[in-house]
Structures are given as C-alpha cells and as structure tokens.
Amino acid sequence: NAEYMGLKKMKYLLTREEVVIPEDIAATVKARIVTITGPKGSLKRSFKSSPVDMKLKKDEGKKVITIEMWMAKKKLKAQVKSIASCIKNMISGVTRGYKFRICLLYTSPSPRDATLSRMPSSA
C-alpha cells in the first residue's frame, strides 16, 4: 500500500478537456449548466455536482467548451472526461437524434412474464 509506506497518491495539477462545437449548433454555459441547441431540438444538463470550471470560448471562428479541474486525483480526473463525453453525446442528440427499438421477450407460454428489452438500432 503506497500510503502505508509514506508515499502519497499523485495529484494532477491541471486536467483539461475541450469539446469543439460544430457551426450549426448553439451552445451556452452558465454556472455549470450546459444548453445545446440544434436542428432536432434543445438539451439542457446541469453539472453542478462536479467541482469543475467550464468555459465557452470562441477561438478563430470555432466555439470550444473547456472543462478544467485543478488538483484532481484519478477518480476526479475521470469525471472531467465523462462530462466531455456527455456534452459530445448531447451534440450528437441534437444533430442526428436518438432512435430506440424495443422488443418484447417472453419464454413462458403466456406473456404475463414478459420483459422489455432495448435492441440496438442499426442506424
């Protein structure tokens, strides 16, 4: 065990992820609440439970959401990457949309013990 031997776990000084926003998408960041608006609608998500710094910057005609966390350990560093992935999925949702296919499965002779299963879409 590293802490038992007098060594401490390493902290990362700065963890940063950047998400590039396409030109046809409108994005706002205010108080760790991200709103993404596109051709298929609008999505809003709050990241207030995570201790991160979020900024919307415009660099050379590109819009970029920057997620930063200072002095993070390994698990908190994973939160930064998860938030970036969530924002990318929100962008995908307002551009391409989501499609779910549900299949009814039952193994007994009567459908009273049926369960719903989500099938992956082929699109």
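Position 1 is the first residue of the sequence, and the numbers go up from there. All values below come from the heavy atoms of this structure, side chains included, with hydrogens, waters and symmetry mates left out.
- Between L43 and I91 there is no side-chain heavy-atom pair separated by less than 4.5 Å.
- Within the structure, every pair that satisfies the side-chain hydrogen bond (donor to acceptor under 3.5 Å, both in side chains) test and touches residues 79-94, not counting sequence neighbours, is listed here: E17-K81, S92-R96.
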Go through the steps to decide whether F47 and I87 satisfy the test side chain to side chain contact (heavy atoms under 4.5 Å, CB included), and finish with yes or no. CA-CA 11 Å; F47 297 104; I87 293 172; 4.3 Å; yes
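- L76 and V80 fall within the same hydrophobic cluster, defined by Ile, Leu, Val, Met, Phe, Trp and Tyr side-chain heavy atoms under 4.5 Å apart, directly or through other members.
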Less than 3.5 Å apart, which donor and acceptor atoms pair up between the side chains of residues 20-34 and the rest of the protein, not counting sequence neighbours?
{"from": "R32", "atom 1": "NH1", "to": "S50", "atom 2": "O", "distance (Å)": "2.5"}

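- Nearest approach of S42 to T37, heavy atoms of both residues: OG-OG1, 3.4 Å.
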Determine all donor-acceptor pairs shorter than 3.5 Å in which one atom belongs to a side chain in residues 52-60; sequence neighbours excluded.
none

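- Using a 4.5 Å cut-off on side-chain heavy atoms (C-beta onward), L13 and M71 make contact.
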Given R16 and T66, is the side chain to side chain contact (heavy atoms under 4.5 Å, CB included) satisfied, shown in steps? CA-CA 7 Å; R16 176 186 292 156; T66 305; 3.8 Å; yes
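- The shortest heavy-atom contact between T15 and A72 is OG1-CB, 4.2 Å.
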